[in-house]
Amino acid sequence: MAAPPYDPMVVEPKWQRAWEEAGVYRARAAPGRPKFYATVPYPYVNSYQHLGFGVAFLRAEFLARYKRMTGHNVLMPQAFHCTGLPILGAARRVAEGEPRQLAILREMGVPEEEIPKFGDPLHWIDVFPQATMDDLKSLGAAVDWSRSFITTHLNPPYDAFVKWQFRRLRDKGYVEIGTHEVIWCPRDGAPIGDHDRLEGEGVQPVEFTLLKFPLADAFLVAATLRPETVYGQTNLWVDPDVAYVRARVDGEPWIVNRLAAMKLGEQGHRVEVLGEVRGRDLVGRDVLAPGVEQMVPILPSKFLEQNRGTGIVTSVPSDAPDDWMAVQDLQRDAAQIRAFGLDAATIAGIRPIPIIRSEGWGPLPAVEICERMGIASQMDREKLQAAKEEIYRTGYYTGVMTEAAGPYVGVRVEEAKDRIKADLIAAGRASTMWEPAEEVVCRCATPAIVKIVDNQWFLRYGDPGWKDVAHEALDRMGLYPEAVRKQFHYTIDWLRDWACAHHQGLGTKLPWDNHWVIESLSDSTVYMAYYTIAHALQGGKLRSDVPWAQRLNDAFFDYVFYGKGDPAAIAREVGTDAATLEALRMEFLYWYPLDLRHTGKDLVQNHMTFCVFNHIAMFPPEHWPRGFGVIGHVSLGGEKMSKSKGNVWFIRAAVEEWGADTVRLMVANAGDGLDDPRLDLQFAESIRDRIGSWFAFATSPGETTEQGTPLDRWFLSLLNRSVRGARTAMEAMEFRAALRAGFFELQTAWVWYATRVPVPNHAVRERFVETQTLLLAPFAPHVCEEIWHRIGRSGFVVAAPYPEPQASEIDPAAEAAESFLRATLADIREILKVTRIAPKRVTLFVAAAWKREASALAASLAKDGALTMSAFMERAMAVPALKAHAGDLPPFGKGIVEDLSHRKAEDLAEATTHIPEREYLEAARPFLESEIGCTVRVHAADEPGVEDPKGKARLAMPRRPAIYVE
RNA sequence: GCGUGGGUAGCCAAGCCUGGCCAACGGCGCGAGGUUUAGGACCUCGUCCCGCAGGGGUUCCCAGGUUCGAAUCCUGGCCCACGCACCA
């Protein structure tokens with residue numbers, strides 16, 4: 001009677017079709033009915049989606065499915081994010097035939113002949129949103145696809161929505177124009193996005209401090225990233241062979257190199273180049289060094305980077321290995337000293353000045369590390385670079401300024417750096433200049449510089465008033481897990497103004513300035529509101545072709561989201577009818593606010609927090625989000641899943657290999673909270689098999705009886721505990737716990753029941769199958785649906801009511817009795833193990849009546865909180881049946897008082913539940929005998945005439961029968 | 001450095017908020033037995049140390065402390081992971 005094995009590859013698509021045809025997940029407003037609205041941030045669609053997104057998605061979906069089963073009208077939509085730079089860059093790289101980009105496509109399984117098409121960014125947008133949709137469907141996603149869409153101008157109604165959003169934000173003063181530093185190509189005259197760089201992907205601008213050294217008629221200007229080291233300056237370096245320029249910068253005469261003069265001009269300074277001055281002519285003169293306030297000599301060096309800074313560098317041999325080496329090289333080079341006419345005694349007298357004390361370092365870290373690494377001269381560029389980094393890292397975090405730093409003595413480097421810089425600037429002794437943090441080269445092969453643009457638009461997240469409300473909004477939200485709350489509050493405080501528009505990239509143009517495109521973290525903050533009306537605007541297409549939805553204006557959104565204006569007039573303007581508008585308004589009011597938004601923890605510090613900020617800016621408090629859920633980084637086989645690590649697992653590959661239900665269960669089991677969820681392939685294997693056997697069990701009749709069994713109440717009690725545990729865990733989004741309570745524990749209970757009972761009761765088995773199927777349905781909807789129909793239930797299991805725990809069926813007495821039996825069995829086994837006796841017969845002695853009576857007395861005293869040894873003895877001696885055992889009473893009482901006096905009330909009730917020990921053991925005799933493999937006898941310890949050669953019977957305690965093994 | 005989370009038996013991982021039913025749930029791995037088998041899967045028992053009677057000993061990163069009692073509370077220390085942005 002072998003049932004056909006369960007085949008997910010056949011069953012899963014079948015139900016996916018059935019659900020879609022029946023529109024089970026299609027959600028429309030139903031005023032009066034409780035609703036639940038869950039979303040996951042739309043994924044960026046430059047690839048097939050991997051399980052990182054899958055995990056974030058499924059966790060939200062598990063809860064959404066659970067809510068559907070607990071009577072909610074559930075909305076879970078899913079859109080696709082196309083805004084930004086990566087698709088453009090990738091398409092361009094394909095068009096140019098870049099091997100790495102082509103390899104990425106091949107690895108995704110794109111056929112060779114399809115690859116050229118990906119040279120067009122629009123092709124990516126044709127392929128990946130659709131593919132993601134297919135992948136999610138194959139996972140069994142419970143999504144209302146009628147509300148799906150893509151972002152950017154390619155989808156006009158969404159484009160109009162974002163424009164509306166930005167106009168409103170600007171009206172309310174949340175958008176502001178300011179200056180901003182960008183990586184810039186001087187030849188193209190344009191910013192260089194990541195995808196336009198030959199070198200330097202991800203590199204950001206950094207700010208140098210420019211130190212001004214007064215020299216007769218001008219300032220020599222040196223650039224440094226370490227302004228706190230000004231107190232250790234011993235000299236200045238120039239390259240004797242470089243022609244520097246004299247320039248008027250903001251009215252001051254400066255000497256810098258030619259490139260620096262150009263850069264300063266791009267950074268908001270007025271620069272006029274007046275003439276040249278050779279480095280050689282500067283060497284040997286003395287200048288006043290800011291900070292140390294001493295005259296220091298200008299000395300020659302051949303290793304000054306002329307593409308960075310000003311080509312002039314100050315020398316701090318105590319903390320800069322380069323400088324220490326250069327000083328020593330010069331000190332050893334008498335010819336050089338003569339050639340430049342330098343004063344030998346001055347050169348020889350240069351000594352590093354200790355200025356920073358840091359952990360694990362002596363007073364002169366540069367000297368120390370050069371010795372340790374065996375660096376011999378300034379020619380040793382590679383080692384010097386490593387040395388510099390090592391010193392800087394520890395110095396920055398742990399360093400403290402010494403007495404040499406005058407007013408800054410005792411200040412931590414991290415803080416001194418900014419203070420010294422600011423003070424020098426305030427005193428007119430310094431200025432600033434931006435450079436890319438590392439070398440950046442434009443596609444046109446030109447090295448990049450930093451330009452300060454003065455018309456950058458910002459969202460004012462740095463605004464204290466806005467932050468205050470954001471904190472407030474957050475405090476009203478439910479967070480899963482609660483532990484992320486601090487992280488969110490911290491992020492709100494830490495956030496500064498955000499450059500919300502770019503020169504390039506796909507997206508929506510800034511409505512009041514179409515040179516700018518709204519960047520991708522800014523066009524995605526309140527679109528959950530758009531979902532509520534998207535079904536009408538999109539017409540079922542990712543790129544809307546609904547005629548009237550191509551012409552949406554602000555009045556339309558003002559009405560739908562704010563209820564402002566006259567629907568009839570607006571409808572006329574837009575080209576639809578008032579009823580449609582009113583219906584959309586109703587959808588919005590019904591679904592909003594959002595109940596849950598769920599994502600990986602990496603979005604906490606940007607997207608999720610932006611979402612809060614923008615909601616409070618755009619909507620009244622009743623429409624602010626109600627709940628956020630966060631999960632850690634997914635790892636597979638102990639390694640983080642990320643594209644850079646190369647261990648991505650695409651959803652499609654996972655489903656193909658394991659089937660949707662197994663993947664879903666693997667995700668549910670991967671772990672909750674902020675810990676990184678781990679996808680465990682061993683678990684996948686075992687759960688796949690368990691699904692198969694569960695299916696076989698559930699769909700086969702099995703041998704049952706109409707007769708009640710002694711274990712029925714026990715099993716139903718545990719079943720209800722499972723239900724209760726599963727519900728609690730589901731509500732808390734603790735899916736691993738839910739799976740345990742709702743599946744593993746229930747299964748274990750059944751196995752015990754089936755072992756204890758010769759033939760299971762029919763109704764109990766049916767109850768088990770039905771309950772188990774329902775509890776499992778949010779995780780493994782396909783197999784559950786198949787079972788549901790095979791056992792003759794109607795409707796879809798995915799929309800059936802989730803089981804309710806029946807308090808009346810929870811039976812502590814039945815549980816206590818069975819625990820007693822199991823403990824007894826464990827004791828017998830323990831004895832057999834220790835004694836290594838092959839048992840011929842086991843005799844169990846249940847405690848004598850007086851002991852049971854005494855322990856009941858103790859229990860009742862304990863319940864009143866009055867259990868002490870003396871109280872117990874006093875009361876016991878008043879009972880004739882106990883007084884008769886006056887001699888045995890004290891030692892017995894001592895143990896029992898000890899045990900009961902510290903218990904909590906609820907535990908006490910359980911520990912003192914009456915168990916008919918003798919009858920229970922007697923009834924379980926056949927079971928015990930088959931477990932132990934010999935005959936078992938049950939007696940009472942005070943039963944006369946029972947043979948007890950070892951005198952075991954008197955050891956019997958209530959709940960702890962004496963055991964005699966032969 | 002700042003912020004957050006965490007360190008539990010061979011591994012993964014509950015418990016910690018609300019101290020005592022905790023030698024500490026569960027899973028994997030490992031060992032023994034059963035059943036079936038081509039392989040596998042499944043079931044039962046065991047898996048810190050000692051113990052020929054259900055017991056004892058020593059444990060929950062380290063060191064102190066509070067308490068009749070601590071994996072759980074407090075103090076200090078060590079270690080690990082993630083984030084530190086204008087980018088999806």
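These numbers come from a predicted model, not from an experiment. Letters go in sequence order (proteins before strands), and every chain restarts at 1. Side-chain atoms are counted along with the backbone in the values below, which use heavy atoms only and exclude waters and symmetry mates.
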Between [options], which one does the side chain of [X] approach most closely?
X: A:Tyr44; options: B:rA88, B:rA41, B:rC87; answer: B:rA88
X: A:Glu830; options: B:rG51, B:rA88, B:rA13; answer: B:rG51
X: A:Asn606; options: B:rG3, B:rG54, B:rA88; answer: B:rA88
X: A:Trp494; options: B:rA88, B:rG5, B:rA85; answer: B:rA85

Complementary nucleotide for [N] - Watson-Crick or wobble, under 3.5 Å:
N: B:rU4; answer: B:rA81
N: B:rG29; answer: B:rU47
N: B:rC52; answer: none
N: B:rC22; answer: none
N: B:rA71; answer: none
N: B:rC17; answer: none
N: B:rU35; answer: none

Remember a base hit wins even if backbone is also touched, and classify [X] as base, sugar-phosphate or nothing at under 4.0 Å, heavy atoms.
X: A:Ala737; answer: nothing
X: A:Val965; answer: base
X: A:Tyr964; answer: base
X: A:Pro41; answer: nothing
X: A:Glu745; answer: nothing
X: A:Arg496; answer: base

Worksheet item: Under 4.0 Å between a side-chain N/O of A:His502 and OP1 or OP2 of B:rC87, yes or no?
Response: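 Result: yes.
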Worksheet item: How would you list, by chain and number, every residue that makes a ring-ring contact (aromatic ring centres under 6.0 Å, His included) with A:Trp184, sequence neighbours excluded?
Response: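 Scan of A:Trp184 (ring-ring contact (aromatic ring centres under 6.0 Å, His included), adjacent residues dropped) gives none.
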Discussion item. Taking ring-ring contact (aromatic ring centres under 6.0 Å, His included) as the definition, give me every residue that meets it alongside A:Phe613, ordered by chain and number, with sequence neighbours left out.
Written reply: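 So A:Phe613 forms a ring-ring contact (aromatic ring centres under 6.0 Å, His included) with A:Tyr461, A:Trp466.
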Worksheet entry | Presence of salt bridge, A:Glu931 and A:Arg829, under 4.0 angstrom |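 The answer is yes: the pair qualifies as a salt bridge.
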Worksheet item: Can you list the residues that meet the side-chain contact (heavy atoms from CB on, under 4.5 Å) rule with A:Asp418, with sequence neighbours excluded?
Response: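 For A:Asp418, no residue satisfies side-chain contact (heavy atoms from CB on, under 4.5 Å) once neighbours in sequence are set aside.
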Discussion item. A:Thr179: which residues meet the side-chain contact (heavy atoms from CB on, under 4.5 Å) condition with it, sequence neighbours left out?
Written reply: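 Only A:Ile452, A:Asp454 meet the side-chain contact (heavy atoms from CB on, under 4.5 Å) criterion with A:Thr179.
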Discussion item. Which is more 5' along RNA chain B, the nucleotide nearest A:Arg960 or the one nearest A:Lys486? Just name the residue.
Written reply: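 Final value for this comparison: A:Lys486.
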Fill in: Residue that, paired with A:Trp750, satisfies ring-ring contact (aromatic ring centres under 6.0 Å, His included) out of A:Phe697, A:Phe743, A:Phe744
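The single option meeting the ring-ring contact (aromatic ring centres under 6.0 Å, His included) with A:Trp750 is A:Phe697.
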Can you name the atoms? Protein N/O to nucleotides 26-37 of chain B N/O, anything below 3.5 Å, with the distance.
from	atom 1	to	atom 2	distance (Å)
B:rC28	O2'	A:Gln682	OE1	2.9

Item to complete: For B:rC84 and B:rC30, measure between their P atoms and round to the nearest Å.
Response: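 Between the two P atoms, the distance is 40 Å.
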Worksheet item: In chain order, what residues pass the side chain to side chain donor-acceptor pair (under 3.5 Å) check against A:Trp752, with sequence neighbours excluded?
Response: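 Counting only residues at least two positions away or on another chain, A:Trp752 forms a side chain to side chain donor-acceptor pair (under 3.5 Å) with A:Glu818.
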